[in-house]
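Since the structure comes first, as structure tokens, the remarks are kept for the end.
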Amino acid sequence: MIACAHGTDHPRGRQLIDQLRGQVAELLTDQQTTNGWQVQIHEAYVDVQDPGLASVVERLPAGEPAVVLPLLLSLGIHTSVDVAEAVASRRNTIAAEPIGADPRLAQLMARRLAAAGWTTQDAVVLASAGTRVESGQEQAKDSAATLAGLLQTPVQAAFCSAAAPRVGDAVDRLAQQRPGTRVGVVSYLLAPGFFQERLEAVGANYVTAPLLPDVTVAECVVARLQTALSEAVFAAD
């Protein structure tokens with residue numbers, strides 16, 4: 001299993017991704033006991049950090065089935081190019097889907113909002129990293145819709161880059177439309193880093209902490225793995 005994250009220069013962000021990888025490994029240990037799996041977790045990244053995904057896949061022992069586990073929240077260039085190319089480069093290698101709009105993440109975001117002091121009178125913007133890939137944008141919007149259902153109040157999906165509306169524009173628009181109303185930003189980011197720091201400067205009344213640390217994220221990753229394995233057909237040597 002290749003647990004592949006984006007990569008970051010932020011020390012706390014790196015620590016939390018390492019912790020996430022460890023939580024996934026712990027959950028898979030239980031699965032190994034139940035299903036008789038023999039699983040080894042490899043570390044990899046698509047940007048910023050080493051080892052790069054392509055080099056990790058290239059060094060895997062020949063003949064062993066492999067699954068790339070994207071520690072990513074949505075479909076995007078990294079899944080459609082980096083992950084897809086790595087998988088195509090090696091026999092018996094597949095990829096799980098990114099975490100996506102898992103309802104458990106909406107519940108986690110609701111808890112983050114409560115910790116930040118959210119009230120039912122507040123306007124809420126869900127802040128995603130952003131992607132040019134439309135399906136990835138739709139996943140962020142789906143997460144916003146699921147969160148809105150939990151909160152029983154509208155949630156505006158917005159993006160830090162690559163897609164519109166941008167988070168700052170969404171915050172400004174809601175503040176103008178609803179004078180006197182607090183506007184909160186719920187972070188739909190995995191860990192502290194460049195985008196989380198940018199959220200602090202958009203002018204919202206408050207910004208929630210990112211999704212990590214919380215074992216819920218690891219549970220969502222393992223669920224994606226289970227789905228991928230249930231659909232996989234590995235060729236015999």
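Rounding to the nearest 0.5 Å places CZ of R21 at 6.0 Å from CG of L71. For the atom pair CG of L225 and CE of M1, the computed distance is 4.5 Å after rounding to the nearest 0.5 Å. Summarising the geometry, atom CZ belonging to R90 is positioned 12.5 Å from atom CZ belonging to R59; distances are rounded to the nearest 0.5 Å. Annotation: the span from L229 atom CG to I94 atom CD1 amounts to 5.5 Å, rounded to 0.5 Å. If you take OH on Y188 and CG on L211, they are separated by 7.5 Å, rounding to the nearest 0.5 Å. Going from atom CG of L190 over to atom CD1 of I17 covers 5.0 Å, rounded to the nearest 0.5 Å.
When each of I99, V24, V222 is checked for a side chain to side chain contact (heavy atoms under 4.5 Å, CB included) with L69, only V24 meets the rule.
Between G100 and L105 the shortest heavy-atom distance is O-CD1, 3.7 Å. The two residues T216 and D214 come nearest to each other via the heavy atoms OG1-OD1, 2.6 Å. Considering all non-hydrogen atoms of both residues, I41 and A3 come closest at CG2-CB, 4.2 Å. G117 and D122 make their closest contact through O-OD2, 4.2 Å (heavy atoms, listed as atom of the first residue, atom of the second, distance). The minimum heavy-atom distance between E43 and P51, with the atom names listed, is O-CG, 3.3 Å. Nearest heavy atoms, S74 versus T79: O-CG2, 4.1 Å.
Taken together through direct or relayed side-chain contacts under 4.5 Å among Ile, Leu, Val, Met, Phe, Trp and Tyr, L72 and L126 form parts of separate hydrophobic clusters. In the hydrophobic clustering of this structure, L108 groups with V124; members are Ile, Leu, Val, Met, Phe, Trp, Tyr whose side-chain heavy atoms approach within less than 4.5 Å, directly or through other members. Put simply, L53 and Y45 are part of two different groups of oily side chains (I, L, V, M, F, W, Y) that touch within less than 4.5 Å, one to the next. Tracing side-chain contacts under 4.5 Å through hydrophobic residues (I, L, V, M, F, W, Y), one reaches V207 starting from L174; they form part of the same cluster. In the hydrophobic clustering of ILVMFWY residues, with side-chain heavy atoms under 4.5 Å counting as a link, V155 and Y206 come out together.
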Exercise for review: Show your working on side chain to side chain contact (heavy atoms under 4.5 Å, CB included) between V217 and Q23 and close with a plain yes or no.
Suggested key: CA-CA 9 Å; V217 180; Q23 290 173 332; 5.9 Å; no
**Study point:** Steps toward side chain to side chain contact (heavy atoms under 4.5 Å, CB included) verdict (T8, R14)
**Key:** CA-CA 6 Å; T8 178; R14 289 189 175 195; 3.8 Å; yes
Exercise for review: Go through the steps to decide whether T153 and T120 satisfy the test side chain to side chain contact (heavy atoms under 4.5 Å, CB included), and finish with yes or no.
Suggested key: CA-CA 7 Å; T153 189; T120 56; over 6 Å; no
Check your understanding: side chain to side chain donor-acceptor pair (under 3.5 Å) between R12 and Q15: does it pass, once the steps are laid out?
Key -> CA-CA 5 Å; R12 178 59 173 161; Q15 181 185 43; 2.3 Å; yes
**Study point:** side chain to side chain contact (heavy atoms under 4.5 Å, CB included) evaluation trace for L113 with L147
**Key:** CA-CA 11 Å; L113 281 167; L147 179 59; 4.2 Å; yes
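Proximity of Q121 to T181: side-chain heavy atoms (C-beta onward) are nowhere separated by under 4.5 Å. Looking at H10 and Q196, their side chains never come closer than 4.5 Å, going by heavy atoms from C-beta outward. The side-chain heavy atoms of R224 and D102, taken from C-beta on, include no pair separated by under 4.5 Å. Looking at V87 and V68, their side chains come closer than 4.5 Å, going by heavy atoms from C-beta outward. Taking the side chain as every heavy atom from C-beta outward, V57 and S89 approach each other to under 4.5 Å. For the pair L199 and L189, the minimum side-chain heavy-atom distance is below 4.5 Å. Two residues are said to be in side-chain contact when any heavy atoms from C-beta on lie closer than 4.5 Å; I2 and L60 meet this criterion. Looking only at side-chain heavy atoms (C-beta outward), L73 and S128 stay at 4.5 Å or farther from each other.
Counting non-hydrogen atoms of neighbouring residues, nucleotides and ligands closer than 6.0 angstrom, the CZ atom of R132 reaches no more than 12 such neighbours. By the 6.0 Å contact criterion, CD on E219 is enclosed, its count of non-hydrogen atoms from other residues, nucleotides or ligands being greater than 12.
Although no hydrogens or angles enter the test, the distance criterion places a donor-acceptor pair under 3.5 Å between the side chain of N205 and the main chain of V183. At least one donor-acceptor pair closer than 3.5 Å links the side chain of Q137 to the backbone N or O of T131.
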Got a list of side-chain donor-acceptor pairs under 3.5 Å for residues 156-173, not counting sequence neighbours?
residue	atom	partner	partner atom	Å
S161	OG	A129	O	3.2
R166	NE	A163	O	3.0

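Under the ring-ring contact (aromatic ring centres under 6.0 Å, His included) criterion, H6 pairs with H78, not counting sequence neighbours.
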